[in-house]
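Data first, discussion second: the structure below is written as C-alpha cells.
Values below: every heavy atom of this structure, side chains too, minus hydrogens, waters and symmetry copies. In what follows, chains carry the letters A, B, and so on, assigned in the order in which the sequence lines appear, proteins first and then strands, with residues in each chain numbered from 1.
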4 protein chains.
Amino acid sequence: MADDQGRRAHTGRRRNEEAARAILRAARELLERGDGAGVSVDAIAAAAGVGKQTIYRWWPSKSDLLLDALVEGARGLAPAPDEGDLGSDLAAFLTATFRGARDPAVAAALRQVAAEAQRDPRAAGLLRSFTEDRRRVLRGLLERAAARGELSPAADLDLLVDQAYGVLWYRLLIGHAPLTEAAAAALAAALARQATASP
Amino acid sequence: MADDQGRRAHTGRRRNEEAARAILRAARELLERGDGAGVSVDAIAAAAGVGKQTIYRWWPSKSDLLLDALVEGARGLAPAPDEGDLGSDLAAFLTATFRGARDPAVAAALRQVAAEAQRDPRAAGLLRSFTEDRRRVLRGLLERAAARGELSPAADLDLLVDQAYGVLWYRLLIGHAPLTEAAAAALAAALARQATASP
Amino acid sequence: MADDQGRRAHTGRRRNEEAARAILRAARELLERGDGAGVSVDAIAAAAGVGKQTIYRWWPSKSDLLLDALVEGARGLAPAPDEGDLGSDLAAFLTATFRGARDPAVAAALRQVAAEAQRDPRAAGLLRSFTEDRRRVLRGLLERAAARGELSPAADLDLLVDQAYGVLWYRLLIGHAPLTEAAAAALAAALARQATASP
Amino acid sequence: MADDQGRRAHTGRRRNEEAARAILRAARELLERGDGAGVSVDAIAAAAGVGKQTIYRWWPSKSDLLLDALVEGARGLAPAPDEGDLGSDLAAFLTATFRGARDPAVAAALRQVAAEAQRDPRAAGLLRSFTEDRRRVLRGLLERAAARGELSPAADLDLLVDQAYGVLWYRLLIGHAPLTEAAAAALAAALARQATASP
DNA sequence: CGATAAGCGAGACGGTACGTCTCGTCTTTGA
DNA sequence: TCAAAGACGAGACGTACCGTCTCGCTTATCG
C-alpha cells in the first residue's frame, strides 16, 4: 500500500531506517483511516511491506509501536512558549497542544495506546513516561510564571497541570466535546484565573 | 469459583436474578483481582457458574456488562449535596466521587470500559451516556450555586465539570497520582476559587 | 434449518461431525493437490470454512490431523485375505496395500506424516502406532500360513513384514520407483520364495 | 560452542576450509544432540561461530548441508566387499551399512534429510541421488554373485536392493526396531535364501 | 607494492506457518 | 422449560525458521 514503486534497498546488518519509517507511516495511516477499529500488527506489516518480525524486532509490542507512531506525529507540538505572561503563555501552549491532539492520527494513536495501557502494564509504563514528559513541559511554564510572582501562593502547580491535561484526555477518550482552539483558550483563561486568584 | 456451596435454584422462564447477580459479582471480583490483566467473558461465566449465553442474554456485549458491574459498585456514590455553599458542596461531592473511584473493582471496571470504548463504538456510547449522567449531577450542583449568585458571570460551568472529571479520569487512566481525598479537597477548593474569581 | 448450500448447521455443544468431516476432506484435497508443497493449517481451515481453533480443538497438532486424513483415506485397504495359500494371500494383500498407497492423497499424507514424525515425537508416536497396526495385519497373514505348515522353520515373520513394508515406504519416500501392482506381485513372490525356502 | 579457544584465522579471499569443517561439525553435533528436535540453520551458524551467509555460500540449502554432514559421517562405510560368496558379502555389507546408520548423528541426518525431501523437491533430488549411489554399490555386489552363478534366474536384483535398503529406512524412520548387527545378519541370510531359492 | 577481489562474522530483512487466545453466536442436554 | 455447557467462525497475537541481502573487516593475489 505504502511504497509500491520500487523495493526498499537492503541495509545488511544495519537497521533499515527506511523500513522503520515505513512501519510508523503505515501505523499512522491505518490509525487515521480505521476509526478506532483497532489496528492489527499484520495490517501494519502488510501496509508497510514488511515482515511482521521486523516490527517485533524493534518494538517489543504493539503498544510500543503505536506510542512511537504517536510521538512521531506529536513531534514538536509543544514548544512551551515563554512570553512573560501567564495568560498568553498558557493560551499558546494549550492551543498548540489541543491542535496537535486534534490530528486524527495522533488522536487515534493516543486513544489506542491509552486503551492498551489499561490492560498491559508495559503499555502503561510507556504512556506514563510519555505523559510525564508532557507534564514537565507545562509545569516548567507554570514555574516560570510563579518565579515572576504571577501566581497566588495557594496555587498548586501539579493540580493545574492535572486539570489542563485532564480536560484534554477526558474529551479525547469520552468524546463528549471537541478539542477546539476556543476550548483551549477558555481553559487557559480559567486556569490563569484560578492560579492568580487569592484564596 | 464464586458460589461453591449449593446450586442456584432454577426460576423457570423468568430471568434468574440470582444468576445475574452472580455474574456481576464475578465480574467485579475478576476486575479487582486481575490487575488490568483483561477479563474475558469466558472467565466471568466460569467464575459465576453460568453459561456464556446467560451473560449475552442480559448484556449485549462485554462492555455493557463491565459498565453494569461498575454502576453496581458505584451505586449511591453521587448524592449531589446541597448545603448552600459552593465550596463545601464541591468538596463533598468530589470527595465522595474520588472515594468511589478508588475502589479497586470500580477503578478496574472504569479503566476496562474506557479501554473498550476506544475500540468499540457501542462501548463508547455506553461510556458516553454514563459520564453524561455524572456530568449532569455535578452541573446541577454548580447551577444551584450560580442561582445563589455565588459564581462569577465569567464562569463556564461545562468547563468546570470537564476540569473536575478530567482530573479524575486522567489520574485513573494514567496512574501518575492517586485519587486521595486530599486531592479531591484541593481540586474542589481550586475550582471554587476559579468559579468565584472575577475575570 | 440446514439451509442454502454452503453454511453448515450448528450443533450446539456437541462436536459438529460435519465440520470435522469437512476438515478432513479439505486436508485430503489439499494434500492431493499441492504436490508435497506442504499443507498449512490455515489453508485447511480456510478450505473447510472453519476456524483454526476448531481444528486444534479436535486434533492436538497438524500431524494428528494429517494422520487422521490418511487413516480416513486408507480405510478398508487391508482386508488381510485368507485363501489358504501363502503366495496368493501375500500377492492379494500387497497388491491392495500398494494400490492404496498409490492414491495421491494417501501417498501425500503418508509422506507428510513421516516427515513430521522425524521432528515431532508426538507425530512419531502416531505414525508408530499406525504402522504397528498395519504390521499386525500382515503378520497375522503370515502366522496363518505358518500354522498351515507352509513356512520354513527358519522364516522370521517380523523380518518378512519389515521387508514388505520397507519396500513400500522406501519407494514412497525416496521415489525412485513406483508402487505398481507388478512390483507388489513380484515382492509377494520373492517373499513367499524366501519364507518357504529351506535354510 | 565448537571452537572456544582462539578465533579462527582469516584466509582472506580464499575459502576458509576450517570454517566449512566447523559448520559440518556443528551440524553433526546438533543433529546428534537434539533428538529429532529439528536443527535450524541459525543454530548451526551460531554453534559454528559462523555467519549464516557462509553456510549458504557453500551449501545451496539446509538439505545440502545436512546431506553433506551425513556423507561426512558415513564416509568409508560401504566398501562393498567381494569375498566370492553371496552370503558373507551381503552380511558384511549390510552389517557395515547398519552400523553406519546406527551412529546417532548419521541417523539424525538421514531422518532430517528424508523429512526435508518430503516437502522440498530439491532435497528430494539430493536424497534420491544419494540413495542411488548406495543402491548401485549393493547392486554391484549382487551382480558379481550373479556372474558367479550363485543366484536363481528368478532373482530380481533391484527388488533385492529395495528390500535391503527398505528395511534400513523403514526401521530408521519409524523406529519400531533397532538397526542391530544381528538384524543385518538375519536380513542378509534371508535375502541370500530368497535370491538363491529356485522359483 | 598498492589496489582489488573475495571470503568472513554478524545480523536485519520479507515471508510463511505455527499454535494460542478471545469475541459473540449457536444448539444440545441436564436438571 | 430454562440455563449450563461448550463448539463454532473469525481473526489477531507473538514466535520460529527460511533463504537473501548488506555491512565493515581481513587477507591473498594481480597489475
Side-chain angles (χ1 to χ4, degrees), chain A residues 7-16 18-20 38-43 45-46 48-58 60-62, chain B residues 7-16 19 38-43 45-46 48-57 59-62 120, chain C residues 7-16 19-20 38-43 45-46 48-58 60-62, chain D residues 7-16 18-20 38-43 45-46 48-62 120:
Chain A
R7 305 307 306 133
R8 237 185 327 270
H10 261 238
T11 56
R13 66 178 292 190
R14 316 270 315 176
R15 166 166 179 173
N16 189 339
E18 209 173 334
V39 182
S40 79
V41 175
D42 292 73
V50 140
K52 213 159 30 136
Q53 190 59 35
T54 297
I55 293 182
Y56 283 103
R57 206 187 322 280
W58 302 118
S61 79
K62 194 167 88 153
Chain B
R7 307 300 307 133
R8 237 182 331 271
H10 263 237
T11 56
R13 62 182 301 185
R14 313 269 312 201
R15 166 168 178 172
N16 189 336
V39 183
S40 77
V41 174
D42 294 71
V50 138
K52 224 162 20 139
Q53 189 57 25
T54 300
I55 293 181
Y56 282 103
R57 206 186 323 278
W59 292 274
S61 80
K62 190 167 93 154
D120 176 12
Chain C
R7 304 316 307 142
R8 234 181 331 268
H10 258 242
T11 56
R13 66 180 290 191
R14 311 276 313 178
R15 166 168 181 172
N16 189 339
V39 183
S40 80
V41 174
D42 294 72
V50 141
K52 213 156 34 131
Q53 190 58 32
T54 298
I55 293 182
Y56 283 102
R57 203 186 327 276
W58 302 117
S61 79
K62 191 167 90 152
Chain D
R7 306 302 309 131
R8 237 184 329 271
H10 246 252
T11 56
R13 61 182 295 189
R14 314 269 313 183
R15 165 169 182 173
N16 189 338
E18 209 175 331
V39 183
S40 78
V41 174
D42 293 71
V50 138
K52 224 164 18 141
Q53 186 61 16
T54 300
I55 292 181
Y56 282 102
R57 205 186 324 277
W58 304 118
W59 291 274
S61 80
K62 189 168 93 154
D120 176 12

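Nearest to the side chain of K52(D), among dC8(E), dA12(E), dC18(E), sits dA12(E). Nearest to the side-chain atoms of V41(D) among the listed nucleotides dC13(E), dG19(F), dC8(E) stands dG19(F). Nearest nucleotide to the side chain of R15(C), out of dC8(E), dG14(F), dC8(F): dC8(F). Listed nucleotides: dA12(F), dG14(E), dC8(E). Nearest to the side chain of A19(D): dC8(E).
Base contact: R57(C) has a heavy atom under 4.0 Å from a base atom. If you check every strand for non-hydrogen atoms under 4.0 Å, W59(D) touches nothing.
In terms of phosphate contacts, W58(A) brings a side-chain nitrogen or oxygen within less than 4.0 Å of OP1 or OP2 of dC13(E). Side-chain nitrogen and oxygen atoms of K62(C) include at least one within less than 4.0 Å of the OP1 or OP2 phosphate oxygen of dC18(E). The side chain of T54(A) places an N or O atom within less than 4.0 Å of a non-bridging phosphate oxygen (OP1 or OP2) of dG14(E). For R8(A), a side-chain nitrogen or oxygen approaches OP1 or OP2 of dG14(E) to under 4.0 Å.
Residue whose closest nucleotide on DNA chain F sits further toward the 5' end, between D42(B) and P60(D): D42(B). Taking the nucleotide of DNA chain E with the nearest heavy atom to each of A20(D) and H10(A), the more 5' of the two is matched to A20(D). Judged by closest nucleotide on DNA chain F, Y56(A) is the one of R14(A) and Y56(A) placed further toward the 5' end.
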* Take E18(A) and T11(A), measure what side chain to side chain contact (heavy atoms under 4.5 Å, CB included) needs, and give me the verdict at the end. => CA-CA 9 Å; E18(A) 209 173 334; T11(A) 56; over 6 Å; no
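A43(A) pairs by the side-chain contact (heavy atoms from CB on, under 4.5 Å) definition with L30(A), S40(A), not counting sequence neighbours. Among residues two or more places apart in sequence or in another chain, the side-chain hydrogen bond (donor to acceptor under 3.5 Å, both in side chains) test is passed with S61(A) by D64(A).
dG19(F) atom P lies 11 Å from atom CD1 of I55(D), rounded to whole Å. Between the CD atom of Q53(A) and the P atom of dG19(F) there is a distance of 17 Å, rounded to whole Å. As a whole-Å value, the separation of N16(C) CG from dA7(F) P is 12 Å. One atom, CZ of R13(C), and another, P of dA3(F), lie 16 Å apart when rounded to the nearest Å. Rounded to an integer number of Å, the gap from CG of D120(D) to P of dT16(E) is 16 Å.
More than 12 heavy atoms of other shown residues, nucleotides or ligands fall within 6.0 angstrom of atom CZ in R15(C). Within a 6.0 Å radius of CZ in R14(C), no more than 12 heavy atoms belonging to other residues, nucleotides or ligands are found.
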